Amino acid sequence: MNLEDVAGELRTALGAITGLRRPPWGVEKITPPAALIALPERIDYDLAYGRGGDRIPDQSVIVLVANPTQPAARRAIAKYADGSGPKSVKAAIEAHTYTACDTVRVEYAEFTPATYAGTEYLAAIFHLDITGKGA
């Protein structure tokens with residue numbers, strides 16, 4: 001799997017969510033709501049004979065919304081954390097047809113205040129399990 005191609009397809013999948021911005025990695029400033037595709041902690045290689053398969057066991061997609069102390073932030077993040085529906089990150093990611101990998105599954109989401117470029121946001125961190133052919 002090519003990591004950059006997988007990240008690009010995840011950004012494309014998130015494009016199905018109206019109003020969710022998908023800035024490129026490393027951008028200096030964001031306007032919420034925004035989804036960022038983080039670098040994974042690791043890639044497991046050669047799960048099958050030779051270069052038969054690779055796995056990214058914990059790819060993070062980070063959704064940032066308003067300041068965590070604003071009541072609207074909780075309501076906004078809840079829509080992205082729904083298991084289904086028009087704002088569901090899980091539904092958008094899992095409905096996409098991928099060519100850079102074979103399977104993408106959203107395993108869980110966690111919530112935390114986060115700082116990006118000096119600004120505080122409420123974040124939902126979606127943890128994905130991704131498998132694909134070895135390159």
Side-chain angles (χ1 to χ4, degrees):
M1 287 185 296
N2 178 292
L3 185 59
E4 191 62 24
D5 291 346
V6 171
E9 285 197 56
L10 289 171
R11 287 183 70 231
T12 299
L14 292 166
I17 302 174
T18 303
L20 182 62
R21 294 170 185 83
R22 304 161 335 272
W25 180 253
V27 62
E28 293 291 323
K29 185 177 179 179
I30 63 156
T31 302
L36 302 169
I37 313 300
L39 288 170
E41 289 187 25
R42 73 177 207 249
I43 301 172
D44 298 337
Y45 298 108
D46 305 334
L47 298 176
Y49 182 74
R51 292 290 299 125
D54 294 341
R55 179 175 175 226
I56 301 170
D58 191 9
Q59 171 69 56
S60 296
V61 173
I62 305 161
V63 175
L64 302 171
V65 297
N67 184 311
T69 61
Q70 295 177 350
R74 181 183 173 119
R75 289 188 299 274
I77 209 79
K79 292 177 185 176
Y80 295 113
D82 280 347
S84 62
K87 298 280 186 187
S88 170
V89 168
K90 177 180 173 52
I93 287 174
E94 293 182 353
H96 185 74
T97 301
Y98 293 89
T99 59
C101 57
D102 296 331
T103 65
V104 179
R105 187 173 76 84
V106 179
E107 293 189 320
Y108 66 96
E110 61 184 320
F111 307 93
T112 186
T115 302
Y116 187 86
T119 302
E120 293 254 337
Y121 300 97
L122 180 57
I125 304 170
F126 295 86
H127 296 268
L128 286 54
D129 185 57
I130 302 172
T131 61
K133 291 177 180 52

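The shown structure was predicted, so the numbers you read here are calculated from the model rather than taken from an experiment.
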Practice prompt. Return yes if some donor-acceptor pair links the side-chain N/O of D54 with the main-chain N/O of T131 below 3.5 Å, else return no.
Written response: no

Sub-3.5 Å donor-acceptor pair from the side chain of E120 to the main-chain atoms of P113, do we have one? no

Result block: side-chain N/O donor-acceptor pairs under 3.5 angstrom for residues 5-29, not counting sequence neighbours:
unit_1, atom_1, unit_2, atom_2, d
E9, OE1, T99, N, 2.9
E9, OE2, T99, N, 3.2
E9, OE2, T99, OG1, 3.0
E9, OE2, A100, N, 2.5
R11, NE, R22, O, 3.1
R11, NH2, R22, O, 2.3
T12, OG1, G8, O, 3.1
R21, NH1, P32, O, 3.0
R22, NE, R11, O, 2.7

- Query: When hydrophobic residues are tied together by side-chain contacts of less than 4.5 Å, even through go-betweens, does L64 share a cluster with I125?
  - Reply: yes

For I56 and P40, the nearest pair of non-hydrogen atoms, with its separation, is CG2-CB, 3.5 Å

With sequence neighbours left out, the residues meeting side-chain hydrogen bond (donor to acceptor under 3.5 Å, both in side chains) with K79 are none

To the nearest 0.5 Å, atom OH of Y121 lies from atom CD of Q70 at 11.0 Å

Is it true that, when you exclude E107 itself, more than 12 heavy atoms of the residues, nucleotides or ligands shown sit nearer than 6.0 Å to its CD? yes

Same cluster or not: are I130 and V61 linked, directly or through other Ile, Leu, Val, Met, Phe, Trp or Tyr residues, by side-chain heavy atoms under 4.5 angstrom apart? yes

Starting from I43, can I reach I37 by hopping between I/L/V/M/F/W/Y residues whose side chains sit under 4.5 Å apart? yes

Residues 67-105 vs ring-ring contact (aromatic ring centres under 6.0 Å, His included), sequence neighbours excluded, gives H96-Y98

With R55 as partner, the option from D129, D102, D46 fulfilling side-chain hydrogen bond (donor to acceptor under 3.5 Å, both in side chains) is D129

One should read off an interatomic distance between E110 CD and S60 OG, to the nearest 0.5 angstrom, of 7.5 Å

Check the pair I62 / Y116 against side chain to side chain contact (heavy atoms under 4.5 Å, CB included), numbers first and verdict last. CA-CA 11 Å; I62 305 161; Y116 187 86; over 6 Å; no

Do L36 and I77 belong to the same hydrophobic cluster, where Ile, Leu, Val, Met, Phe, Trp and Tyr are linked whenever their side-chain heavy atoms lie under 4.5 Å apart, directly or via other members?
-> no

Q.
Tell me whether F126 shares a hydrophobic cluster with I93, the cluster being built from Ile, Leu, Val, Met, Phe, Trp, Tyr side chains joined at under 4.5 Å.
A. yes

Backbone N or O of A38 within a donor-acceptor pair of the Q59 side chain at under 3.5 Å?
yes

Note: A123 and A114 closest approach over all heavy atoms is CB-CB, 3.8 Å

